[in-house]
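Here is the structure we will look at, set down as structure tokens.
These values consider heavy atoms only, across backbone and side chains, with no hydrogens, waters or symmetry-generated copies. Numbers here simply count residues along the sequence, with the first being 1.
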Amino acid sequence: MIVSALRLRHVLAGVAISLAGASLMSGCASRGTPMSAVPAITTGVTPASATSESSSRTRPAIAVAVTNVNDAGVGSLRTAIQTVNTRQASRAVITFAVTGTIALASDLPAITTPVTIDGSTAPGYAGRPLVEVNANGHAGVVFETGSDGSKLLALAICRAKSNGVTLDASSITLNLNYIGLSLKGTASGNVADGVYVSARSSNNRIGINRLGASGTVANVISGNGGNGLSLHTSSGNVIAANRIGTDAQGNFAIANGQNGMWITASSSSNEIGGTRFVDSATHQANNPTGSKGTVTPVFVVPPDGNLISGNAKNGILIDAGSQQNVLNGNFIGTTADGDAIIANSGDGVRIVKAANNSLIGCKFRNNPFVYYNVMSGNLGNGLHITSSDNVIVQGNFFGTGANNSTVVANNGDGVLIDGSSLNTQVGGVIPLGNVSAGNVRNGIEVADTAGGFITFNTFGGLLAFKGAAPNGNDGLLITATGGNQLARTNVFSGNTNNGIEIGGDASGVTIGPDIVGLSTKGDSLLPNGNDGVLVDGTAHHNSIGDYYQSVIPQNTFSGNLGYGLALVDGAHDNQVFNNFVGVDVIGRLALSNQQGGIYVGSYAAHNVIGGASTDPKTPKKNLVSGNVGNGVTLGNGSSYSSVIDNWIGLNKAGKFNLPNSGHPIVVKPGSVHNKISGNMTCCN
């Protein structure tokens with residue numbers, strides 16, 4: 001028998017009446033008409049009298065109230081889950097008329113039908129869970145096949161023998177929960193992961209900030225024995241506004257025993273954080289650099305970003321072929337405000353054998369860094385990329401606070417790229433650059449056989465458009481042998497050691513145009529503690545110079561406490577051209593390197609400084625002026641050096657008014673087989 005339209009309207013009216021005492025997101029049984037644990041629903045349709053099509057269209061909604069904290073029996077959570085599983089309603093909601101702790105005596109039944117389990121309906125709910133599910137050494141909450149579209153809201157899930165919450169179905173929403181914490185917000189961990197998302201699960205929402213206000217806390221996922229959250233061959237998930245590895249306020253660590261987040265087994269296209277940068281409560285937009293230093297900065301925590309700090313391993317681990325995952329607006333290794341340390345014990349973000357992932361803090365049209373990731377305060381590196389190709393890193397802070405004023409050091413490098421990683425892009429045209437400053441080791445390090453690396457618009461050793469925040473070693477260190485490395489339109493100043501070091505057996509590195517040892521504008525001192533650029537080891541066939549047209553007209557290596565440029569050890573066959581050494585970026589003012597302009601040391605050979613050029617658009621000459629000490633020194637034991645057609649002691653216009661304090665060119669005893677010709681020198 002086919003159900004008539006009139007009869008169907010009567011059915012739906014009956015369903016609406018049955019839900020009068022409970023809403024999906026708010027209100028509870030105690031506030032309206034009392035509901036029994038298993039409400040009677042009269043549909044007027046029986047399975048025997050309906051076709052399969054009409055039955056699927058008229059499956060009733062069901063509302064079940066949890067009225068006590070017993071493990072089982074009428075009014076219990078266990079019975080409520082059994083009821084909705086049995087009824088297979090098109091929509092189901094479990095509400096709570098009680099508060100307190102439900103201590104389990106056995107595993108809860110897995111959820112096999114769509115349901116909203118809504119702890120926010122508990123009496124007195126005001127933003128933090130009032131109902132705790134203490135698994136007591138049994139299984140946690142499992143969303144099994146058939147429960148697609150379910151929601152778990154405002155519960156504390158703790159002390160499960162494995163995962164706190166397991167997702168084996170798709171389009172699940174987890175929001176406002178404590179997973180691994182008690183109702184008091186103290187550690188009460190699940191043995192394995194806080195949230196485990198399996199290969200059968202995708203397109204989930206783990207954390208929602210509906211209003212868009214900064215400081216909104218979706219879920220707190222902390223204190224678990226495994227990872228806070230793990231994705232296994234899972235795609236299309238949005239993970240936003242959570243605190244993972246900390247207390248609810250984001251002030252101190254409640255460590256997950258592994259990583260804060262693990263994205264593995266080819267998990268793809270997941271959004272970690274979000275791109276909003278306006279606080280809906282204050283209507284202020286994030287602008288931590290003050291529009292490139294021109295106005296008073298405004299600090300707004302990106303509303304959708306996750307706080308992932310205090311974990312026993314990495315903040316986030318992406319591995320095993322996981323691709324197309326994007327991180328926006330997350331604070332990793334810091335407090336909730338992004339300006340103090342809650343260290344992850346490993347790296348902030350670790351990417352291993354996982355290509356095509358991105359850490360994005362702005363778009364080209366944005367003011368710099370508006371929804372930036374902050375990867376600071378970690379005991380390892382801020383970001384560590386190993387054997388992973390085509391990673392994009394734009395608009396992030398490594399080693400500094402979210403306010404662009406505070407040093408929040410990573411204990412290793414700001415960014416470390418190693419293994420066989422290819423084509424890592426760090427930065428881009430303004431405003432897509434990064435800040436990597438204040439770290440214990442280097443701002444950026446490129447090692448092993450990594451190749452195709454680009455750093456573009458990096459502030460390495462200084463805050464964005466502000467003063468020094470020294471890295472403990474170099475601003476940029478390249479020892480990788482993969483070749484095709486490029487450092488372009490960067491400022492590497494204020495570092496404890498060198499601005500840039502090319503070492504090991506590195507080759508195929510191009511430096512230019514960059515500022516090394518001066519402020520962002522290139523007109524005042526911001527010295528590196530040693531050389532501006534050091535080429536050492538057996539580094540060879542590198543280009544120190546370029547003709548790229550940018551806001552920086554050419555390499556400027558000035559103001560450093562060592563040499564502007566030094567080639568030492570066995571460095572050989574390197575080209576040095578079109579650089580300013582010892583002057584401001586426009587070549588008119590002396591900003592001295594303190595030991596000299598260019599130094600070629602023992603065993604360095606076949607290096608070319610300058611060169612002949614008839615094309616004014618591609619000059620080979622270097623301007624080496626205004627330094628304390630000699631303009632160019634060929635040290636004892638160096639050989640086959642060529643010093644050709646340089647301007648030494650002159651200004652950019654070729655006038656004799658910027659002398660070095662020593663001699664223009666000095667050849668030390670034991671330096672042999674050199675070619676020195678065509679140089680214009682002044683004045684000693």
Side-chain angles (χ1 to χ4, degrees), residues 399 407 409 436-445 458-463 466-478 487 490-503 511 514-537 544 552 555-569 571 576 579-585 587 589-602 604 609 622-635 648-649 658-664 666 668:
V407 170
S436 192
N439 301 287
V440 171
R441 296 188 67 235
N442 307 287
I444 302 174
E445 180 178 358
T458 293
F459 296 88
L462 68 162
L463 301 161
K466 297 172 77 171
N471 293 297
N473 191 38
D474 300 330
L476 170 65
L477 171 61
I478 301 177
N490 306 284
V491 182
F492 291 111
S493 300
N495 297 285
T496 303
N497 198 8
N498 308 291
I500 299 172
E501 180 178 356
I502 305 172
I511 304 296
D514 299 298
I515 293 174
V516 184
L518 303 179
S519 65
T520 304
K521 293 181 179 179
D523 60 359
S524 59
L525 299 173
L526 196 62
N528 294 293
N530 202 342
D531 301 320
V533 178
L534 174 64
V535 184
D536 61 0
I544 315 302
I552 301 174
N555 280 329
T556 303
F557 309 146
S558 302
N560 301 286
L561 300 187
Y563 293 96
L565 167 65
L567 300 102
V568 301
D569 299 337
V576 180
N579 302 291
F580 284 8
V581 183
V583 298
D584 69 332
V585 76
L589 174 69
L591 294 172
S592 306
N593 295 294
Q594 294 301 300
Q595 292 187 14
I598 297 176
Y599 177 76
V600 182
S602 300
I609 300 169
N622 300 285
L623 179 67
V624 187
S625 303
N627 297 286
V628 175
N630 303 315
V632 177
T633 302
L634 304 183
I648 304 174
L658 285 178
N660 300 287
S661 69
H663 297 284
V666 171
K668 294 286 188 179

ring-ring contact (aromatic ring centres under 6.0 Å, His included) against Y599, all qualifying residues, sequence neighbours excluded | Y563
Would you give the length of the straight line joining atom CG of L462 to atom OG of S436, rounded to the nearest 0.5 angstrom?
-> 10.5 Å
Of the non-hydrogen atoms in F580 and S558, which two are nearest, and what is the gap between them?
-> O-OG, 4.2 Å
N/O donor-acceptor pair under 3.5 Å between S661 side chain and G629 backbone | yes
For residues Q595 and L561, report the shortest heavy-atom separation together with the two atoms involved.
-> CG-O, 3.7 Å
N593 side chain to V581 backbone, donor-acceptor under 3.5 Å = no
Walk me through it: do D531 and N560 pass the test side chain to side chain contact (heavy atoms under 4.5 Å, CB included)?
-> CA-CA 6 Å; D531 301 320; N560 301 286; 6.0 Å; no
Among V624, I544, V583, side-chain contact (heavy atoms from CB on, under 4.5 Å) partner for F557 = I544
Distance col, row N498:CG vs N530:CG, nearest 0.5 angstrom, shows 4.5 Å
Considering residues at least two apart in sequence or located in another chain, which fulfil the ring-ring contact (aromatic ring centres under 6.0 Å, His included) criterion with F459?
-> F465
Side chains of K668 and T633: does their closest heavy-atom pair fall under 4.5 Å?
-> yes
Establish, from distance only, whether the side-chain atoms of D514 and N490 form a donor-acceptor pair under 3.5 Å.
-> yes
Walk me through it: do L565 and I598 pass the test side chain to side chain contact (heavy atoms under 4.5 Å, CB included)?
-> CA-CA 5 Å; L565 167 65; I598 297 176; 4.2 Å; yes
Yes or no on side chain to side chain contact (heavy atoms under 4.5 Å, CB included) for L518 and L525, after CA distance, side-chain angles and deciding distance?
-> CA-CA 5 Å; L518 303 179; L525 299 173; 4.1 Å; yes
Which atom of S493 lies closest to which atom of I515, heavy atoms considered = OG-O, 4.0 Å
Ignoring hydrogens and angles, state whether a donor on the side chain of N528 or N495 is under 3.5 Å from an acceptor on the partner side chain.
-> yes
Report the C-alpha distance between N630 and N660 in whole Å, list the side-chain angles of each, state the deciding distance to 0.1 Å, and finish with yes or no for side chain to side chain contact (heavy atoms under 4.5 Å, CB included).
-> CA-CA 6 Å; N630 303 315; N660 300 287; over 6 Å; no
What's the spacing between T556 OG1 and L591 CG if we round to 0.5 Å?
-> 9.5 Å
With D584, which residues qualify under side-chain hydrogen bond (donor to acceptor under 3.5 Å, both in side chains), at least two apart?
-> none
Find the distance between CG (N471) and CG (N439) and round it off to the nearest 0.5 Å.
-> 5.0 Å
L534 and side-chain contact (heavy atoms from CB on, under 4.5 Å): which partner among D569, I500, V568?
-> V568
Measure the CG-CG distance between L477 and N497 for me, rounded to the nearest 0.5 Å.
-> 9.5 Å
Hits for side-chain hydrogen bond (donor to acceptor under 3.5 Å, both in side chains) against T496, two or more places apart or cross-chain, chain-then-number order -> none
Return the set of residues passing salt bridge (charged side-chain N to carboxylate O under 4.0 Å, His left out) with E445 (not counting sequence neighbours), or none when no residue passes.
-> R441
Rounded to the nearest 0.5 Å, how far does CG of N622 lie from CG of N579?
-> 4.5 Å
side-chain hydrogen bond (donor to acceptor under 3.5 Å, both in side chains) with S592: which residues, sequence neighbours excluded?
-> none
